[in-house]
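Worth knowing before you read on, the calculation uses all heavy atoms, side chains too, and leaves out hydrogens, waters and symmetry mates. Remember, predicted model here, so these are calculated numbers, not experimental data. Just so it is clear: chains get the letters A, B, ... in the order the sequence lines come, proteins before strands, and each one is counted from 1.
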Amino acid sequence: MQRNQGNRVPLEKIDDYSWRIPMEAKPGMRVPGMVFADETLLQKMKTDRTLTQCMNVAHLPGILKYSITLPDGHEGYGFPIGGVAVTDFEDGALSPGGVGYDINCGVRLLTTNLNENQIKPKLSDLTDRIFRSVPCGLGSRRKDFRVSDRELDILVREGVPRIVEQGMGRVEDADHCEEQGCMKTANPEKVSQTAKKRGRSQVGTLGSGNHFLEIQRVDRIVDVKVAKVFGIDRVGQVTVMIHCGSRGFGHQVCSDYLRVMEGAVRRYGISLPDRELACAPGNTREAEDYFQAMSCAINYAFINRQVITHSVRESFRQVFNQPSEEFGLDLVYDVAHNIAKIEEHVVSGSRRKVWIHRKGATRAFPRGHPDVPVDYRDYGQPVIIPGSMGSNSWVLVGTEKAMEVSFGSTAHGAGRMMSRSAARRRFRGNEIRKTLGRRGIIVRAASPIVLAEEADSAYKDVNKVVEVSDRLGIATRVAKLSPMAVIKG
DNA sequence: ATGTAC
């Protein structure tokens, strides 16, 4: 049963990949909506509340220019997943729903100097070893790495550099993370004890759902020059991709502050079309507290991916009996795709400080931007887009066009097409495993149910999503990756 | 996404 709510949302076609929802579509909209998609992806958005939610977001106090839905957009909590909302820094809204429950869910990519044929004899052993050392699945905990409340406070305040100091990484890793792996605005005093308790035993765990760890091969190089700068120089080269977030810690921070924001909505008399958009003006205590707590969760996800990276490097060392540096295993980049930050953008011709919410959206800053790591400054930031299980993933590069039309942002992945429950009814985990096996892909999963929920055909085609980004020019294609082994929650 | 619940 589909509600087809989106059919009632008026759309004006601007070009083949851009559609405007006019301000007149719904009373109370402060700006138009802007949907970046091709005809096919747009049709998919009409089967759920995506377009309605895009319109709802346009009601946020202080929202600027337009409410953006990206090609992978689908229905989420209040805001669509695959969306960008920018508000005025002084009195514009900051909203937990615009970030999502999995704060700083994100992706990092490691390159190796191995070719697929060199890794194949050891692939099964390597996958097993990683699967054993990185706990995955719902509620998974790390037995060999637990921290006290005091240590957790230090970790979430200091982020990746702290983990590196503890011997779980290389000094250069931090430079290849968004925010250098640490939001300086993190303040653990604003995080509840419940969140900390949940977080103590989950640093270095993968989680469940669409999270995964893959050993991949380079399938195709589109932009040879930029690929080389990112450390990708040949088809068949082996890479490792880690996709996960802030686990129970971030989830609890989101829940805690959604409640705070519901109070703020009443206190400041904010009128919204959906209570799931709960927010506070940026210059209030509530917004500041959320930002400081969310910054801790952002750092939590960064260190989570850093500790997992360490486990991957250790697994390579053990399986091949050589130091991991021998294989490269360099960090290309670590991107966040569920995050709110303070940035500067040009709006109506003038430069201003704003709150930016990227929910299921990847930053795509161009060459020359000071926030792009020095190693990539002349080319643009690496944009890493994970596919669904068994499908391709992509590396793109940020552009000036993204700064002009999407506040320096692009899509974040395939985006669901079928609900989890529908996928469970339609597919069997073991069948999915066999299908992947026939394609030569090794699968290790904590639960067969998750395999069914995450079946590739429950998702949109990531290649199409990436194609729209490339055609629009809001991040252009660099290299296509395909899985050799996949570890799932 | 998440110790499937105020």
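- Rounded to whole Å, atom C1' of B:dT2 lies 13 Å from atom CD1 of A:I81.
- Scored by the side-chain hydrogen bond (donor to acceptor under 3.5 Å, both in side chains) test, A:N187 finds A:Q292 as partners (sequence neighbours excluded).
- Residues from residues 96-107 of chain A placing a heavy atom under 4.0 Å of any atom in DNA chain B, listed by number, are A:Y101, A:D102.
- Within 4.0 Å (heavy atoms only), A:T194 reaches at least one base atom of the nucleic acid.
- Residue contacts for A:Q202: at a heavy-atom cut-off of 4.0 Å it reaches the sugar-phosphate backbone alone, with no base atom in range.
- In this structure, A:I449 places its CD1 atom 16 Å from C1' of B:dT2, rounding to the nearest Å.
- Using modelled atom types and a 3.5 Å distance limit, the side chains of A:D256 and A:Q252 yield a donor-acceptor pair.
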Could you walk me through whether A:R477 and A:D470 pass salt bridge (Lys or Arg N to Asp or Glu O under 4.0 Å), step by step? CA-CA 6 Å; A:R477 293 183 290 194; A:D470 187 271; 3.6 Å; yes
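- Between A:Y257 and A:Y290, the ring planes are tilted. Angles from 30° to 60° get that label.
- Using a 4.0 Å heavy-atom cutoff across all strands shown, A:R420 reaches sugar-phosphate atoms only and no base atom.
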Any chance you could lay out the salt bridge (Lys or Arg N to Asp or Glu O under 4.0 Å) test for A:E214 and A:K488, step after step, and finish with the verdict? CA-CA 9 Å; A:E214 279 183 358; A:K488 289 291 290 186; over 6 Å; no
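- Nucleotide B:dA5 holds its P atom 8 Å from the NE2 atom of A:H251, rounded to whole Å.
- Residue-level contact check: A:S255 touches neither bases nor backbone, having no heavy atom under 4.0 Å from any strand.
- Residue-level contact check: A:G248 touches the backbone only, with heavy atoms under 4.0 Å from sugar-phosphate atoms and none from bases.
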Audit row: A:S140, A:R247, side-chain hydrogen bond (donor to acceptor under 3.5 Å, both in side chains) steps and yes/no: CA-CA 9 Å; A:S140 53; A:R247 311 289 285 108; 3.1 Å; yes
Under 3.5 Å, side-chain donor or acceptor atoms of residues 334-343 of chain A against the rest of the protein: list the pairs with distances, not counting sequence neighbours.
unit_1: A:D334; atom_1: OD1; unit_2: A:R305; atom_2: NE; d: 3.2
unit_1: A:D334; atom_1: OD1; unit_2: A:R305; atom_2: NH2; d: 3.0
unit_1: A:D334; atom_1: OD2; unit_2: A:R108; atom_2: NE; d: 2.7
unit_1: A:D334; atom_1: OD2; unit_2: A:R108; atom_2: NH2; d: 3.1
unit_1: A:D334; atom_1: OD2; unit_2: A:R305; atom_2: NE; d: 3.1
unit_1: A:H337; atom_1: NE2; unit_2: A:H243; atom_2: NE2; d: 3.4
unit_1: A:N338; atom_1: OD1; unit_2: A:G360; atom_2: N; d: 2.9
unit_1: A:N338; atom_1: ND2; unit_2: A:D102; atom_2: O; d: 3.0
unit_1: A:K341; atom_1: NZ; unit_2: A:E178; atom_2: OE2; d: 2.7
unit_1: A:K341; atom_1: NZ; unit_2: A:E179; atom_2: OE2; d: 2.9
unit_1: A:E343; atom_1: OE1; unit_2: A:H345; atom_2: NE2; d: 2.7
unit_1: A:E343; atom_1: OE1; unit_2: A:R358; atom_2: NH2; d: 3.0
unit_1: A:E343; atom_1: OE2; unit_2: A:R358; atom_2: NH1; d: 3.0
unit_1: A:E343; atom_1: OE2; unit_2: A:R358; atom_2: NH2; d: 3.4

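- Here A:R141 lies out of heavy-atom contact (under 4.0 Å) with every strand.
- Rounded to an integer number of Å, the gap from CG of A:L258 to P of B:dT2 is 16 Å.
- Counting any heavy atom pair closer than 4.0 Å across all strands shown, A:E454 reaches sugar-phosphate atoms only and no base atom.
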